[in-house]
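Worth saying up front: this structure is predicted, and the values here are computed from it rather than measured. Sequence positions, counted from 1, serve as the residue numbers for this chain.
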Amino acid sequence: MPFERTSRRHVAKVTGVVLAGGQSRRFGSNKALATIGNSTLIERLIRKLRPIFPHLMIVTNQPHEFEFLNIPMIEDRVKGFGPLGGIYSALQAIEDPYAFVAACDMPDLSPELIRLLLELREGYDVVVPRMDTWLEPLHAVYSKRCISPIKNLLDRGERQVFQFFDQVRVRYVDHWEMEEVAPEHCHFYNINTRNDLNEYLKNWKN
């Protein structure tokens, strides 16, 4: 079935996962709860993801802070491993064979780009955006077949997500493919500091 840019249908057999387990040391407080307009950052993400996925999940070690979202939550099964631990925990917990994993600090997710990544998942264990030599593993699709190679990394004390990619089938989605459905290059902008948020708010108001 061809990719449908304007499709509003749920994508079957994929869970939408938001990683919100970080300690936000550089931000100074839980950045997922930073306010943009009348919404928190994580609420913006959820609004983008809800029309795409029949199931949503938040990975967080502060579940009490996100109870107002009424979305299933899990804590990291292995703490101290950053996003890699969050991806591992999500894949262990979901019932669907795939997860789309996004960091909680990306305010401008593109539903069209997400649907493109999902459309390309068949036959692959990871579908990840690639801009030249730079990868965005926190805006990517993962299959449950990644659980074992991720566990091997965790057992060795490794933390970098892409280090298991050579053990699975990876579909790299290059910038020219993404531009066909999402020509603006703001989808991966992430907010790590107060300055990042202020800069984003200045551009958002304009």
Side-chain angles (χ1 to χ4, degrees), residues 3 5 14 16-27 31-32 34 36 41-42 44-45 48-49 52 59 81-91 98-143 145-146 149-150 152-154 156-204:
F3 172 66
R5 182 178 303 191
V14 186
V17 175
V18 177
L19 298 185
Q23 298 183 21
S24 301
R25 289 193 182 95
R26 294 168 60 190
F27 194 82
K31 60 186 176 182
I36 297 175
L41 183 49
I42 196 167
R44 283 175 63 88
L45 268 70
K48 297 284 185 74
L49 298 177
I52 304 173
V59 181
F81 283 88
L84 183 64
I87 295 169
Y88 175 76
S89 301
L91 292 176
Y98 288 91
F100 171 78
V101 177
C104 70
D105 57 4
M106 292 181 173
D108 284 330
L109 297 183
S110 164
E112 292 81 8
L113 177 55
I114 295 171
R115 288 184 183 277
L116 173 62
L117 301 182
L118 297 171
E119 183 71 20
L120 297 172
R121 74 187 184 276
E122 295 300 330
Y124 295 98
D125 302 313
V126 177
V127 183
V128 60
R130 177 170 63 183
M131 301 290 287
D132 298 322
T133 59
W134 170 76
L135 303 178
E136 185 42 86
L138 302 186
H139 185 293
V141 180
Y142 296 90
S143 83
R145 289 185 291 269
C146 296
I150 293 177
N152 292 336
L153 283 187
L154 296 173
R156 299 201 305 267
E158 304 285 353
R159 294 170 57 94
Q160 292 182 308
V161 175
F162 61 82
Q163 287 187 308
F164 77 91
F165 283 6
D166 62 350
Q167 301 173 51
V168 295
R169 299 168 297 176
V170 181
R171 173 61 158 90
Y172 297 101
V173 185
D174 290 305
H175 64 89
W176 57 268
E177 296 177 275
M178 293 185 279
E179 287 175 354
E180 292 184 5
V181 298
E184 297 181 10
H185 291 189
C186 58
H187 336 294
F188 308 129
Y189 183 82
N190 63 309
I191 294 173
N192 288 312
T193 66
R194 294 282 176 178
N195 286 339
D196 291 339
L197 177 61
N198 292 336
E199 185 67 22
Y200 179 83
L201 289 174
K202 181 172 67 176
N203 295 327
W204 178 73

From [atom1] ([X]) to [atom2] ([Y]), nearest 0.5 Å:
| X | Y | atom1 | atom2 | result |
| --- | --- | --- | --- | --- |
| Cys146 | Phe165 | SG | CZ | 7.5 Å |
| Cys104 | Arg44 | SG | CZ | 13.5 Å |
| Leu109 | Phe100 | CG | CZ | 6.0 Å |
| Leu113 | Glu180 | CG | CD | 11.5 Å |
| Ile52 | Glu112 | CD1 | CD | 8.0 Å |
| Leu153 | Ile87 | CG | CD1 | 10.5 Å |

- Message: Can you tell me which residue among Leu135, Leu116, Leu138, Leu117 is in a side-chain contact (heavy atoms from CB on, under 4.5 Å) with Pro129?
- Response: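 Testing each of Leu135, Leu116, Leu138, Leu117 against Pro129, the sole residue satisfying side-chain contact (heavy atoms from CB on, under 4.5 Å) is Leu117.
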Donor-acceptor contact below 3.5 Å, side chain [X] vs main chain [Y]:
| X | Y | answer |
| --- | --- | --- |
| Tyr189 | Asp196 | yes |
| Asn190 | Met106 | no |
| Arg145 | Asp125 | no |
| His187 | Ala182 | yes |

Beyond-backbone contact of Tyr124 with Val170, side-chain heavy atoms, under 4.5 angstrom: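 Side chain of Tyr124 against side chain of Val170, heavy atoms only: no contact under 4.5 Å found.
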- Query: Considering only heavy atoms from C-beta outward, does the side chain of Val101 approach that of Val59 to under 4.5 Å?
  - Reply: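 Val101 does not reach Val59 side chain to side chain.
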Residue pair Gln167, Asn152: steps toward the side-chain contact (heavy atoms from CB on, under 4.5 Å) verdict:
CA-CA 11 Å; Gln167 301 173 51; Asn152 292 336; 4.2 Å; yes
Closest non-hydrogen atom pair between [X] and [Y], with its separation:
| X | Y | value |
| --- | --- | --- |
| Gln160 | Leu84 | O-CD2, 4.4 Å |
| Ala20 | Ile42 | CB-CD1, 4.3 Å |
| Ala103 | Leu45 | O-CD2, 3.1 Å |
| Leu19 | Pro83 | CD1-O, 4.0 Å |

**Request:** Keeping to residues at least two apart or across chains, list the side chain to side chain donor-acceptor pair (under 3.5 Å) pairs with something in residues 127-136.
**Result:**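 Listed by first then second residue: Arg130-Asp174.
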With Arg121 via salt bridge (Lys or Arg N to Asp or Glu O under 4.0 Å) - residues at least two apart: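 Here no residue qualifies.
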**Prompt:** Would you call the rings of Tyr142 and Phe164 parallel, tilted or perpendicular if under 30° counts as parallel and over 60° as perpendicular?
**Reply:**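 The arrangement is tilted - the two ring planes meet at 30° to 60°.
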